[in-house]
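Structure first, commentary second.
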Number of protein chains: 2
Amino acid sequence: MRIGELAKATGTKAETIRYYEREGILPAADRRDSNYRDYSDNHLAALTFVRRARQLGFSMAQVRELLALSNHEDNPCQDVDRLVQLQLTEVERKIADLNALRDELGQMLRSCQADKIGECQIIGSLGRQSVM
Amino acid sequence: MRIGELAKATGTKAETIRYYEREGILPAADRRDSNYRDYSDNHLAALTFVRRARQLGFSMAQVRELLALSNHEDNPCQDVDRLVQLQLTEVERKIADLNALRDELGQMLRSCQADKIGECQIIGSLGRQSVM
DNA sequence: CTTGACCTTGTAGTTGCTACAAGGTGCATA
DNA sequence: TATGCACCTTGTAGCAACTACAAGGTCAAG
Ligand SMILES: [Zn+2]
Ligand SMILES: [Zn+2]
Ligand SMILES: [Zn+2]
Ligand SMILES: [Zn+2]
């Protein structure tokens, strides 16, 4: 398949696929006489893997690790678990941060009964140090 | 105060402060004979405002808007409210996304009882299209 | 007078793409 | 056959919001 088809099949822009190839995240494709890239089902599987990992919030570096791990079938699962656990912890931290943010923004919204910015509690609270 | 003191007082790197000045987010500081920047309490207040807004997840562009609004004391609060409401909505969307991520990562972790990567459910599930 | 902490400017790197520009290819249609 | 159009190629530059140098100037302490 050509890059456009692979792009459509995976919901990835062609430019992103080329970028992955440049970065060594995806193996280089075969070339036709026209010099067009020619992808196999293996590439489709690999790109699906990469995109899914990225959607799950793994960094490019982590994706590289996951790819390396997935190529060593005889290795223990533990290494993969570690990465997933790490990512889970990170996501939970972000959720906690965002919950705190949401609360603060909500309080700001409720706090201001003024209608001129001169007395606006929101503007006022931006100028104060956070207690967080 | 010199840039280092302002940096310490606000938990901002000196380089970031210079960056804000370049970007017009902060007014330029006075200069001493040495050409060192010299900051006033007004700068401290302004930088505190900026940092707080950034911590709350506002983009630089939004910070610019907030700053512009805060300089028009006679304007209605509504404009500020709108920005805060927008940011609140955005934060809530991110929380929802991350909750979904957390669930998926949790399921992945629980799904794998294998101990060799060859049979790893986690690696397997990365290769499959997400249903989300 | 030297050391060391601090400051200056300018430039380049970070992450993960995304957006051109300038040109080549391949296929349908007039 | 020509020509249009969608698709492909490479290379380079841009995005956000910093961050990290490098090469040099300033200032107070010892
Ligand atoms: Zn192996
Ligand atoms: Zn208000
Ligand atoms: Zn006004
Ligand atoms: Zn496993």
Side-chain angles (χ1 to χ4, degrees), chain A residues 1-26 28-40 43 46-67 83 86-87 90-91 94 97 101, chain B residues 1-26 28-40 43 46-67 83 86-87 90-91 94 97 101:
Chain A
M1 62 202 322
R2 287 184 309 180
I3 199 167
E5 302 172 70
L6 181 61
K8 206 169 274 177
T10 58
T12 312
K13 301 204 172 174
E15 277 144 336
T16 305
I17 298 175
R18 286 187 210 107
Y19 166 71
Y20 287 159
E21 182 180 311
R22 270 201 315 281
E23 292 298 303
I25 281 274
L26 279 188
D30 288 347
R31 296 301 183 119
R32 301 192 186 168
D33 290 354
S34 61
N35 195 32
Y36 284 13
R37 287 175 179 79
D38 197 2
Y39 292 97
S40 68
H43 284 101
L47 181 54
T48 303
F49 185 103
V50 169
R51 292 302 283 179
R52 180 119 175 74
R54 295 281 307 121
Q55 279 164 23
L56 288 166
F58 291 96
S59 69
M60 294 284 276
Q62 287 174 320
V63 172
R64 268 179 241 272
E65 286 192 72
L66 287 170
L67 284 167
L83 283 176
L86 222 86
Q87 176 57 12
E90 180 64 14
V91 166
K94 281 186 188 156
D97 284 0
L101 269 194
Chain B
M1 61 201 326
R2 288 182 308 179
I3 199 168
E5 303 172 70
L6 181 61
K8 206 170 275 177
T10 58
T12 312
K13 302 203 172 172
E15 277 145 336
T16 305
I17 299 175
R18 286 189 208 104
Y19 166 72
Y20 286 159
E21 182 180 312
R22 269 200 316 280
E23 292 297 303
I25 281 276
L26 279 188
D30 287 349
R31 296 300 182 124
R32 298 192 187 169
D33 291 354
S34 60
N35 196 31
Y36 284 12
R37 286 177 180 79
D38 197 1
Y39 290 98
S40 68
H43 285 100
L47 181 51
T48 302
F49 184 103
V50 169
R51 291 302 282 179
R52 180 118 174 76
R54 293 283 304 120
Q55 281 162 25
L56 288 167
F58 291 97
S59 69
M60 296 282 277
Q62 286 175 320
V63 172
R64 269 179 240 272
E65 285 191 72
L66 287 170
L67 284 167
L83 282 176
L86 221 85
Q87 177 56 14
E90 180 65 13
V91 166
K94 280 185 188 158
D97 284 0
L101 269 195

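Order of the sequence lines sets the chain letters (A, B, ...), proteins ahead of strands, with each chain counted from 1.
- The CD1-P distance, from I3(A) to dT10(D), rounds to 9 Å in whole Å.
- As rounded to whole Å, 14 Å separates atom C1' of dT9(D) from atom CD1 of I17(A).
- Scanning all heavy atoms of the two residues, the minimum distance from Q55(B) to L101(A) falls at O-CD2, 3.5 Å.
- As judged by a 4.0 angstrom heavy-atom cut-off over every strand, R51(A) is placed among residues touching the sugar-phosphate backbone only.
- Remark: R37(A) is in phosphate contact with dT10(D), judged by side-chain N or O atoms under 4.0 Å from OP1 or OP2.
- With the nearest nucleotide of DNA chain C identified for both S34(B) and R18(A), S34(B) has the one nearer the 5' end.
- Distance E21(A) CD to dC8(D) P: 14 Å, rounded to the nearest Å.
- Taking 4.5 Å as the limit, every side-chain heavy atom of R37(B) sits out of range of all side-chain heavy atoms of R2(B).
- Contact between the side-chain N/O atoms of K13(A) and the OP1/OP2 oxygens of dA19(C) is found at a separation under 4.0 Å.
- The minimum heavy-atom distance between A53(B) and V63(B), with the atom names listed, is CB-CG2, 3.8 Å.
- If you measure from atom CD of E5(A) to atom C1' of dA6(D), you get 13 Å, rounded to the nearest angstrom.
- Checked by distance alone, Y20(A) brings no side-chain donor or acceptor within 3.5 Å of a matching partner on the base of dG16(C).
- Across the protein-nucleic acid pair, K8(B) atom NZ and dA5(C) atom C1' stand 11 Å apart, rounded to whole Å.
- Counting distance only, with no hydrogens placed and no angle test, the side-chain atoms of E15(B) and the base atoms of dC21(D) include a donor-acceptor pair under 3.5 Å.
- At a cut-off of 3.5 angstrom, counting only N and O atoms as typed in the model, there is a donor on one side and an acceptor on the other between the side-chain of Y36(A) and the base of dC7(D).
- Distances shorter than 4.0 Å separate some side-chain N or O of R54(A) from OP1 or OP2 on dC17(C).
- Side-chain atoms of Q87(A) come within 3.5 Å of backbone atoms of L56(A) as a donor-acceptor pair (strictly under, hydrogens ignored).
- Remark: the R51(B) side chain and the T10(B) side chain contain no N/O donor-acceptor pair separated by less than 3.5 Å.
- Between N35(B) and S59(B), the one whose closest nucleotide on DNA chain D sits nearer the 5' end is S59(B).
- Within the 4.0 Å cut-off from OP1 or OP2 of dC6(C), not a single side-chain nitrogen or oxygen of R2(B) is found.
- Residue contacts for R31(A): at a heavy-atom cut-off of 4.0 Å it reaches the sugar-phosphate backbone alone, with no base atom in range.
- As a whole-Å value, the separation of L56(B) CG from dA17(D) P is 14 Å.
- Rounded to an integer number of Å, the gap from Y19(B) OH to dC15(D) C1' is 10 Å.
- A straight line from CD of E90(A) to C1' of dT15(C) spans 14 Å, rounded to a whole angstrom.
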